[in-house]
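For reference, the structure is listed below as structure tokens.
Just so it is clear, the model here is predicted, and its values are computed rather than measured. A note on names: the letters A, B, ... follow the listed sequences, proteins ahead of strands, and every chain is numbered from 1.
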Amino acid sequence: MGAPRARAKLTSPAVLIAAVRRGGLAQAIALFALAIVLPFVFPSGAFVNFLADAGAFVLLALGLNIVIGFAGLLDLGYAAFFAIGSYAFAMLASPQFGIHLPFWVLLFLASGIAALFGILLGAPTLRLRGDYLAIVTLGFGEIVPQTFLNLSQWTGGPNGIGSLDQPTIGAYKFGFNALPYYLMILALIALAVWVANNLRHSRLGRAWMAIREDELAAAHMGINTTATKLAAFAMGASFSGLAGCAYAAKLQLVSPDQFGFNVSVGLISMLVLGGMGNVPGVILGAIVISSLDRYILPQGTNFFHSIGMTGVDLTGSRFLIYGLILVMMMLFRPEGLLPSRQRKAELRGAAGDPGVAGQEAALYTEAVK
Amino acid sequence: MDVLLQQLVNGLSLGGIYALIALGYTMVYGIIELINFAHGDVYALGTFFSLLILSLLGVTGIVTGPMLVVVVLVTILGAMLLCGITGVLIERLAYRRLRNAPRLAPLITAIGMSFILQNLMQYWHGPSPVPFPDVFPNPTFAAGAVAIQMKQIIVILLAVVMMFALQQFVYRTRLGKAMRATAQDKDAAQLMGIDINTTIAVTFLIGSALAGAAGFVSGVYYGSAWAFNGFSAGLKAFTAAVLGGIGNLAGAMLGGFLIGLIEAMTTQLISDQWSNVVVFSVLVLVLIFRPSGLLGESLPTKV
Amino acid sequence: MRLSKFTRVAGALALAAALAACSNTTTTTTSSSGGGAAGGTIKIGVDLPVSGADASIGIPTQNGAVLAVEEAAKNGFAGGKFKLDTSLLDDAVQGKHDPAAGAQNVKTFIADSSVLAMVGPFNSNVAKSEIPLTNDAGLVQISPSNTNDGLTVGDDAKKLRTAHPDTNAYFRVCTRDSRQGAALAQFSQKLGFKKVFIIDDNETYGKGLADVYEASIKAQGNTVLGHEHVTANQQDFKALLTKVKSQNPDAVFFGGTTSTGGGLVRRQMGDVGIGNTPFVGGDGISDDEFIKVAGTMANGTYYSFAAPEASKLPSAQSFIAAYKARFKSDVGPYSANSYTAAKIEIAAIEKAIADAGGKMPTRADVLKNVAATKDFDSPIGKVGFDANGDTTAPTLTLKKIAGGKAIFVDQITLKS
């Protein structure tokens, strides 16, 4: 029962695994390490490319999670912020205006610009109730990409802006290999998760939870609902600025048809599937939907074609699948695939059926660590 | 000046279709406070149902004489019935369970339903526009330098007639009274012995039927049916409903015509590519400055 | 069985990884092709939008390339030393061509060492994301239908080739917008159109063509009354066409395709009262779909098509017959183009195999042979490439729709 024995215990594999399973930092590090190692285990160029793209969407989903999951503001036009972040980067790091700011500066500059627009576009919604807020954000989701398309002198119109600058670290240029982009996006995700977790446990996070539960009561308790809501929009949008930069730099192109309603709905599907408000859930949802969209369906279709069933087209059913996911999840498992353990225990109980009250509470799930 | 008057006619015709769709939106929202995203796609489905009935009747072009009346009645009533049933089914399958859930759930479900419907229509007829027979002879009437087509008159008339018929129904019949009661206070209505399940189902039936009528008229007016029509038209129709005052039938019609006019005028005076932006900006502005709409009552927020 | 969060997230990653392993990509991340071994499979990658709204034009295009490969395989490709196959990928996401999906597909081709050449993409904006990749990897790429000028000429083209500025791996068998637009303007003048109103669909191809047409019309000294853009999925064009009517044009030009509004615009011109005004467009409205959607209004439409008239070329006739027999449907507007593109690549690969003494050639060899193509016999006439990757001496056919059918009007062979 001396020190040496205790030390031995700490480092034994069983103990490590138990620590990881318990959750928290150990788990996050383990998953992170797994994600870093993945492209080296499967070095296929196409797979790493997919990982990088999926990572960008994970980042976007995390941003949307702050707006919808934490603060309860139903934003149906989040793709608008993705567009703003991407175009901000494209305009300041390409031959379009001849401005070439360094990538790492732009990463945070674009994030800031997106946050600013988050405040601008969020401001009109401050006095609105749930569905009206949703519709206004939907309206913005339509207005922003169309505006980028129309102002062709500055935005390149339907051609978008191409030949974007690639990031460099010292003398190393990122080039066309997806690997450095993927690693950079992983770092951004780690940053985002850290920020999101810290925010949730802060006063601001609790204020968000309060206005999500009952805005009127929160206001009467002294919370400045205006500032709180604007903060949610700003923080959420800032993530999309990061994602927009990274994604545009990798694709080397920004064009208005990348930011339609489908993207916004796709992101919402990720949150619904994974578990709104719950960071690991959101990440899971983003990975599943991205895999479905960019890997499983196209590869599945190719598989059917290769065995001669050329009439099969799974990718055309994409909408149907998204729609079914949304409807089924809302009807049968509104808390998502990864709700927090505590909430689930509260809601499911012995009967297993969440019931009306359970559904109500389940939608406002948060992971309790 | 002549051009502007002509655009007025164009705008009112376009607006008539929006008005028909908006009526359905406003009814459903009034009664269960749900923005039924799938409603726009029911409208698109209405055009396809009309196409189906017309092909069963063997109509491929213009129909003349008394046969025209028969064909039109059969097709429009058939489309309305089929769409109405679709609406009731959607409500039963997807929305009923979520009636007491917070707003987020049915809204997301509605988006999901919209996607499902779009995809199903795509499977049925493909992703490109499909030609739709003219059905009506289409003489053009000249009023000065303005030319009004028969089809345009039909669209506008139908919207107005439907609205009046609907108003009569809602204010003169028992079922209509039940709808108004349920819209005012669901629980109290239930306590008064109103079967709210049936009432809500009827609301969806009528709303979707109106969308079906809009679908038929749209097929005739544009000469095409398209799986992707629904989303954009639906969104603009919702804008119209909000503009006029959500829950208010006359408001929905007024809003529909206004939005149609705004679109036509924007195209004429600015350009076509900005018309959507202007319409959605109107939506945003109305919701910020007058969320109760033009004809709606300003409801104080009760604590 | 309740899975912990950890297991679930790790499981999702593992699932994605397993799928990666199952797909037929190989393990290299950098581009390297066989080089040296004898025997094996050689593939031609095909990246086109074959789902959603673009499918009606994408699938027939894909079929053209598939036909070429099947014919070659049947007729003893490379003396039977290698097996020839295709790798078919779709770049449409949610029903629309997507540059990111195209880039992903090209990376799949690059990673697969048996892919020595590729056909595609269909759309110019997808090409913008693909050209830097194929340039970097040295994988030869022939598009059947990209028309945007900036893909092969000018500053834009240079910026797409930064990895290897002296090598060009991108070619196309169709005519550039600047040539097609200029030809259409020439043609418009011949027909006596002095005042035109231009509409486009605000997409890469449509706007590109319309802009060139506008510049050419102005250069002739004729008038452009207006230039408007329509929105995606727009159905009501009456307000726009009323505006057009008020300007009294001699003709209305549409830059775009049937599915982005060409058919509906023409149809509604009749409703608004300018049904007798001629309608002019590019190869985007050259399909049967246009005639179907526009109905009786289709008559009075003129369009250009970037290939010689099939009925005047025997090689075109035999191609059409073979296509019909194989796919039991009519050819699409670009089927002959993709067939030709694939045939050029197959010939280049065969020559490279012969030069390598029967061994697996490198992508660089194949690229060299494609670049040297001259007077290649094909259903679209004799094809050769210039230094930029464009066709030399392209032929443009002009057609008119009358009585519900497309009638040949004129053929122009441009000097390049």
Side-chain angles (χ1 to χ4, degrees), chain A residues 68 72 74 76 121 123-144 146-147 149-150 152 216-217 220 261-262 264-265 268-269 271-272 276 316-332 334 356-357 359-364, chain B residues 29 33-35 37-38 90 93-120 122-123 127 227 231-232 235-236 238-239 242 246 271-289 291 301-303:
Chain A
I68 301 187
L74 181 53
L76 292 181
L121 298 184
T125 69
L126 291 173
R127 274 184 298 159
L128 298 176
R129 282 190 320 210
D131 0 346
Y132 280 6
L133 186 148
I135 290 293
V136 168
T137 54
L138 182 57
F140 282 133
E142 295 291 307
I143 291 176
V144 169
Q146 180 77 36
T147 306
L149 175 63
N150 289 350
S152 47
L216 209 50
H220 285 219
F261 182 59
N262 317 316
S264 298
V265 171
I268 293 183
S269 307
L271 262 62
V272 165
M276 252 182 289
S317 316
R318 192 179 261 109
F319 271 127
L320 186 65
I321 295 174
Y322 270 24
L324 282 170
I325 288 178
L326 286 177
V327 174
M328 291 298 150
M329 288 304 292
M330 277 296 143
L331 287 178
F332 301 114
V356 166
Q359 278 183 346
E360 183 133 2
L363 282 165
Y364 299 143
Chain B
Y29 192 87
E33 292 191 325
L34 163 70
I35 302 174
F37 269 103
I90 293 176
L93 289 173
Y95 303 151
R96 181 173 292 195
R97 262 187 76 147
L98 302 172
R99 222 175 264 165
N100 292 318
R103 299 281 178 68
L104 185 58
L107 198 58
I108 289 185
T109 311
I111 296 177
M113 271 326 303
S114 167
F115 273 18
I116 292 174
L117 283 178
Q118 267 181 33
N119 223 171
L120 290 177
Q122 221 185 317
Y123 284 145
F231 179 70
S232 178
L235 198 54
K236 291 188 208 171
F238 184 74
T239 307
V242 165
I246 201 100
S271 91
D272 192 311
Q273 62 176 344
W274 289 108
S275 59
N276 275 3
V277 172
V278 170
V279 168
F280 294 133
S281 304
V282 165
L283 175 66
V284 172
L285 290 171
V286 169
L287 283 177
I288 299 174
F289 293 111
T301 325
K302 297 206 181 106
V303 178

Over all atoms of both residues, closest heavy-atom pair of Met330(A) and Leu98(B)
O-CD2, 3.6 Å
Check each atom of Ser114(B) against the heavy atoms of chain A and say whether the ones under 4.5 Å are side chain, backbone, both or neither.
neither
Less than 4.5 Å to any heavy atom of chain A: does that hold for the side chain of Leu283(B), its backbone, both, or neither?
side chain
Does a side-chain heavy-atom distance below 4.5 Å link Leu287(B) with Ile135(A)?
yes
Is chain B contacted by the side chain of Ala217(A), its backbone, both, or neither, given a heavy-atom distance below 4.5 Å?
neither
Do you know which of Val284(B), Leu93(B), Val278(B) has the most heavy-atom pairs under 4.5 Å to chain A?
Val284(B)
Side chain / backbone / both / neither for Leu117(B) at chain A, heavy atoms under 4.5 Å:
neither
Classify the ring geometry between Phe115(B) and Phe261(A) as parallel (under 30°), tilted (30 to 60°) or perpendicular (over 60°).
perpendicular
Just verifying a value: how many Å separate Thr147(A) OG1 and Glu142(A) CD, rounded to the nearest 0.5 Å?
10.5 Å
Quick check: do Val136(A) and Tyr132(A) have side-chain heavy atoms less than 4.5 Å from each other?
no
Segment of Leu107(B) engaging chain A (4.5 angstrom heavy-atom cut-off):
side chain
Most contact-rich option vs chain B, by heavy-atom pairs under 4.5 angstrom, among Ile268(A), Leu138(A), Val272(A), is Leu138(A)
Looking at side-chain heavy atoms only, is the closest gap between Lys236(B) and Asn276(B) below 4.5 Å?
yes
Region of Leu324(A) in contact with chain B, defined by heavy-atom distances below 4.5 Å:
both
Could you look at Phe37(B) and say if it's the side chain, the backbone, both or neither that has a heavy atom under 4.5 Å from chain A?
side chain
Considering only heavy atoms from C-beta outward, does the side chain of Tyr322(A) approach that of Asn262(A) to under 4.5 Å?
no
